[in-house]
2 protein chains.
Amino acid sequence: MDKAKQKRLEAAGWKVGTVQDFLELSPEESLLIDIRARLALVLSERRKAQSLTQAELARRIRSSQSRVAKMEAADGSVSLDLLVRSLLALGTTRKELAAAIAGK
Amino acid sequence: MDKAKQKRLEAAGWKVGTVQDFLELSPEESLLIDIRARLALVLSERRKAQSLTQAELARRIRSSQSRVAKMEAADGSVSLDLLVRSLLALGTTRKELAAAIAGK
DNA sequence: TCCGAGTATGTCAGAAATGACATAGGACGC
DNA sequence: GCGTCCTATGTCATTTCTGACATACTCGGA
């Protein structure tokens with residue numbers, strides 16, 4: 001977005017900024033959300049790579065299809081614990097997990 | 001422990017094995033516990049490196065001294081979420097977090 | 001078009017984690 | 001000894017997460 005457009009929007013009463021600004025997240029909060037998103041993505045990738053459905057993965061970790069869907073969507077209602085446990089259940093190693101968090 | 005001692009203990013009715021065997025943890029479960037222990041250790045180290053007391057860290061993350069103590073003790077009642085949030089509150093970066101999980 | 005398999009989304013009772021508090025233990029100086 | 005500071009451990013009411021369920025959406029193939 002260029003400066004001119006920003007000026008116009010602000011003149012019209014709009015707030016301009018990042019999603020972070022909008023939701024007023026602290027740096028740590030957005031970092032945590034970032035980490036969750038990364039793990040969610042890896043979970044989804046690994047599950048598909050193993051040709052498992054969400055329902056199958058759910059059975060394996062004694063959860064439900066809906067919770068797996070929420071995990072992969074990085075829904076705010078899922079904990080890191082559950083995400084990590086799921087990844088481990090898919091055979092992810094400590095180092096792979098670390099790589100997922102560190103980014104490629 | 002040498003084989004001879006093991007034989008003697010078993011003859012006396014003792015079970016011999018690792019803690020994992022004893023608690024009957026699955027590989028994923030013990031991996032998760034391992035990860036928690038690593039994060040707990042790093043948390044403790046980082047806090048001390050910054051000359052903070054448990055109470056001070058607790059205030060910063062809006063928790064309590066007792067919970068911080070439990071975190072550092074890798075108590076089973078603390079979640080990964082809380083551990084990670086605490087680490088982030090101490091300025092840990094994604095990459096440092098990853099390194100803590102991967103091991104040195 | 002309808003079906004079927006997979007995925008997404010909403011809700012909720014029960015389970016687990018949480019912060020707060022009390023209190024005990026440990027290490028240090030006085 | 002006593003007091004002070006920090007940490008450890010236990011308990012508990014409240015908050016948050018969880019699995020289960022229902023139901024809606026998507027996208028191929030027939």
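These numbers come from the heavy atoms of this one structure, side chains and all, not from hydrogens, waters or symmetry mates. Here the structure is a predicted model, which means the values were calculated and not measured. Protein chains get the first letters and strands the later ones, always in sequence-line order, with residue 1 at the start of each.
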Task: Partners meeting salt bridge (Lys or Arg N to Asp or Glu O under 4.0 Å) with B:R47 (sequence neighbours left out) - done: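 B:R47: salt bridge (Lys or Arg N to Asp or Glu O under 4.0 Å) contacts with B:E72.
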Task: Transitive ILVMFWY side-chain link A:M71 to A:I33, under 4.5 Å - done: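 No, because A:M71 and A:I33 fall into different hydrophobic clusters, even though each may have its own neighbours under 4.5 Å.
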- [ ] Please answer whether the main-chain N or O of B:L82 pairs with a side-chain N or O of B:S86 as donor and acceptor at a distance below 3.5 Å.
- [x]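 It does hold such a pair.
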Task: Nucleotide-resolved protein contact map, nucleotides 12-25 of chain C, B/S/- at heavy-atom distance under 4.0 Å - done: -----SBBBB----
Open item on the list: For a 4.5 angstrom cut-off between non-hydrogen side-chain atoms, does A:L90 reach A:Q50?
Closed with: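 A side-chain contact exists here, since the closest heavy-atom pair is under 4.5 Å.
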- [ ] Using a 4.0 Å heavy-atom cut-off across all strands, classify B:R59 as base, sugar-phosphate, or nothing.
- [x]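 No contact at all - B:R59 keeps every heavy atom at 4.0 Å or more from the nucleic acid.
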Task: Matching residue for B:Q54 among B:R59, B:Q65, B:R67, B:K70 - test: side-chain hydrogen bond (donor to acceptor under 3.5 Å, both in side chains) - done: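 It is B:Q65, the one option of B:R59, B:Q65, B:R67, B:K70 that forms the side-chain hydrogen bond (donor to acceptor under 3.5 Å, both in side chains) with B:Q54.
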Task: Check ion pair A:D75-A:R36 (N to O, under 4.0 angstrom) - done: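 A:R36 and A:D75: not salt-bridged.
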Open item on the list: Before you tell me yes or no, could you show the steps for B:R94 and A:I35 under side-chain contact (heavy atoms from CB on, under 4.5 Å), namely the whole-Å CA-CA distance, both residues' side-chain angles and the distance that decides it to 0.1 Å?
Closed with: CA-CA 8 Å; B:R94 264 196 4 248; A:I35 289 170; 3.9 Å; yes
Open item on the list: Can you list, in residue-number order, the parts of residues 50-58 of chain A that come under 4.0 Å of DNA chain C, counting heavy atoms only?
Closed with: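 Result for residues 50-58 of chain A: A:T53, A:Q54, sorted by number.
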Task: Verdict with supporting geometry, B:E96 and A:I101, side-chain contact (heavy atoms from CB on, under 4.5 Å) - done: CA-CA 10 Å; B:E96 288 169 338; A:I101 291 173; over 6 Å; no
